[in-house]
Amino acid sequence: MRFLYHPERKNIYLTGVLYALGDPVRLEIVRQLAAKGEQCCADFDFAIAKSTMSNHFKILRESGVVWTRKEGTQHINSLRREDLEVLFPGLLDVVLRSAQPLMSQESTVISH
């Protein structure tokens with residue numbers, strides 16, 4: 001089984017978190033995780049390559065924004081809300097309040 005790197009809380013930095021949240025696709029992933037809770041990677045139906053989606057999840061995970069665990073062949077993702085709140089109080093809530101949905105209800109096409 002392949003190791004999934006997750007930084008310890010003390011190794012999560014504001015610059016990395018802001019970088020991860022600065023991309024529209026990654027911000028939409030975070031927005032959906034905040035709204036719906038835990039989700040597997042396959043639950044996100046973006047019109048982009050699977051390898052690109054994997055890279056987005058890797059950036060979110062390695063920056064300390066999400067936690068990913070393996071269940072069989074699935075990768076289940078959740079926000080590291082508690083860690084982010086301890087390190088950067090209120091940041092995630094402010095970002096999520098400001099985030100507009102990337103997709104409309106009728107379309108899953110993303111212009112990126």
Could you walk me through whether R81 and D93 satisfy the salt bridge (Lys or Arg N to Asp or Glu O under 4.0 Å) test, starting with their C-alpha distance in whole Å, then the side-chain angles of each, then the deciding distance to 0.1 Å, before giving a yes or no? CA-CA 9 Å; R81 191 178 278 278; D93 289 333; 3.1 Å; yes

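- E62 places no side-chain N or O within donor-acceptor distance of the main-chain N or O of Y5, the cut-off being under 3.5 Å.
- To the nearest 0.5 Å, atom CD of residue E28 and atom CG of residue D23 are 11.0 Å apart.
- Note that the CG atom of D83 and the CG atom of N11 stand 11.5 Å from one another [nearest 0.5 Å].
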W67 and L79: side chain to side chain contact (heavy atoms under 4.5 Å, CB included), yes or no, with the steps? CA-CA 6 Å; W67 181 263; L79 288 179; over 6 Å; no

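- For the pair R26 (side chain) and A20 (backbone), a donor-acceptor distance under 3.5 Å is present.
- Across V66, I12, V65, a single residue satisfies side chain to side chain contact (heavy atoms under 4.5 Å, CB included) together with R80, and that is I12.
- T68 places none of its side-chain heavy atoms less than 4.5 Å from the side chain of I76.
- V95 and F88 fall within the same hydrophobic cluster, defined by Ile, Leu, Val, Met, Phe, Trp and Tyr side-chain heavy atoms under 4.5 Å apart, directly or through other members.
- In terms of heavy atoms, A42 sits closest to Q74 at CB-OE1, 4.3 Å.
- Taken from CG in L27 to CD in Q100, the straight-line distance is 10.0 Å, to the nearest 0.5 Å.
- The OG atom of S63 sits 9.5 Å away from atom CG of L18, with the distance rounded to the nearest 0.5 Å.
- Residues Y19 and L87 are members of separate hydrophobic clusters, defined by side-chain heavy-atom contacts under 4.5 angstrom among Ile, Leu, Val, Met, Phe, Trp and Tyr.
- A donor-acceptor contact shorter than 3.5 Å links the side chain of D43 to the backbone of C40.
- L92 CG to E82 CD: the interatomic distance, rounded to the nearest 0.5 Å, is 13.0 Å.
- None of H6, H75, E38 except one satisfies the side-chain hydrogen bond (donor to acceptor under 3.5 Å, both in side chains) rule with R69; the exception is E38.
- Side-chain contact between L84 and L91 is absent, with no heavy atoms from C-beta onward closer than 4.5 Å.
- Panel note: side chain T52, backbone I48; no donor-acceptor pair is recorded below 3.5 Å.
- Taking CD1 of I29 as the reference point, atom CZ of F44 lies at 6.0 Å (rounded to 0.5 Å).
- N77 places none of its side-chain heavy atoms less than 4.5 Å from the side chain of R61.
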